[in-house]
Enquirer: 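Dumping the structure here so I can ask a few things about it.
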Amino acid sequence: MPLDAGFLRRSCSGRAIGHKIYVFDQVSSTNEVALRWGESGEPDGCVIIAESQISGRGRFGRRWHSAPRCGIWCSLLLRPSFPPAQAACLTPFATVAVASSISRFLGLEVTLKLPNDLYLSRGKVCGLLIEARTGERFFAVVGIGINVNQLRNDFPAALRGIATSLREETGALYDRTQIALVVLTELDYLYTRLAEQLPAVQSLYEAWPRWRTASSSRKIG
């Protein structure tokens with residue numbers, strides 16, 4: 001099922017993050033689109049989502065496999081009020097927001113492999129890529145890739161022992177629009193309070209359970 005762009009726009013209208021949402025069938029990379037738009041003056045809080053990416057990428061230029069209509073491939077364009085020297089705080093902000101969203105939505109234990117890879121019991125479920133531009137107009141792009149409805153064989157052979165998805169973990173097929181909304185809502189909540197809550201967010205990030213190869217998923221609470 002395709003993402004419901006209209007529902008996301010209506011649900012996020014008026015928020016800091018998501019007041020402008022663009023959904024594309026295919027792009028090279030959502031981060032590349034967001035970086036171009038940042039240079040051209042698009043406003044704070046824009047969200048770019050793609051049903052598939054041709055050249056999705058993670059840290060160090062590694063390729064991110066983006067199976068069509070199976071995950072959430074998105075980037076946020078942010079123009080923070082704080083100075084460029086504090087751009088590093090965007091890593092704990094985005095990581096905690098996405099990890100909290102997955103944890104609360106599914107009741108699964110999400111673990112962190114530093115600095116910003118999220119794992120469930122069977123492997124990596126989400127990666128984040130934060131890129132900042134500190135020229136005349138400081139802005140940052142937060143790229144998020146969440147594996148949602150892939151089955152094991154949807155991943156390239158080289159990733160089948162490394163990657164997992166929400167579906168692989170629980171056996172359920174998910175409405176990606178609802179998951180995207182949960183994630184954007186949490187991101188918006190933390191972003192609008194980041195200045196005053198940064199120490200708390202940093203503490204959550206530092207205390208978040210770390211990924212271990214032998215870790216197992218469990219229900220919370």
Enquirer: Would you check if P80 and F139 make a side-chain contact, meaning some heavy-atom pair closer than 4.5 Å?
Expert: no

Enquirer: Can E169 and S121 be counted as having a side-chain donor-acceptor contact under 3.5 angstrom?
Expert: yes

Enquirer: For L128, which of D117, N116, T91 qualifies under side chain to side chain contact (heavy atoms under 4.5 Å, CB included)?
Expert: N116

Enquirer: Using the rule side chain to side chain donor-acceptor pair (under 3.5 Å), only one of R36, E131, Q53 pairs with N31; which is it?
Expert: E131

Enquirer: Charged N to carboxylate O under 4.0 angstrom, E42 versus K20?
Expert: yes

Enquirer: Decide whether T164 and R152 meet the rule of one side-chain donor and one side-chain acceptor closer than 3.5 Å.
Expert: no

Enquirer: Describe, in one word, how the ring planes of F82 and F138 are oriented to each other, choosing from parallel (under 30°), tilted (30 to 60°) and perpendicular (over 60°).
Expert: tilted

Enquirer: Any non-hydrogen side-chain atom of W73 less than 4.5 Å from a side-chain atom of N147?
Expert: yes

Enquirer: Between the side chains of E186 and R104, is the shortest nitrogen-to-carboxylate-oxygen separation below 4.0 Å, so that they form an ion pair?
Expert: yes

Enquirer: What verdict does the side-chain contact (heavy atoms from CB on, under 4.5 Å) test give for Y205 and C89, after you've listed the backbone C-alpha separation in whole Å, the side-chain angles of each residue and the deciding distance to 0.1 Å?
Expert: CA-CA 10 Å; Y205 177 75; C89 76; over 6 Å; no

Enquirer: In the structure I gave you, are the side-chain heavy atoms of F24 and I48 within less than 4.5 Å of one another anywhere?
Expert: yes

Enquirer: Could you check if a side-chain atom of R69 sits within less than 4.5 angstrom of a side-chain atom of D25, using non-hydrogen atoms only?
Expert: yes

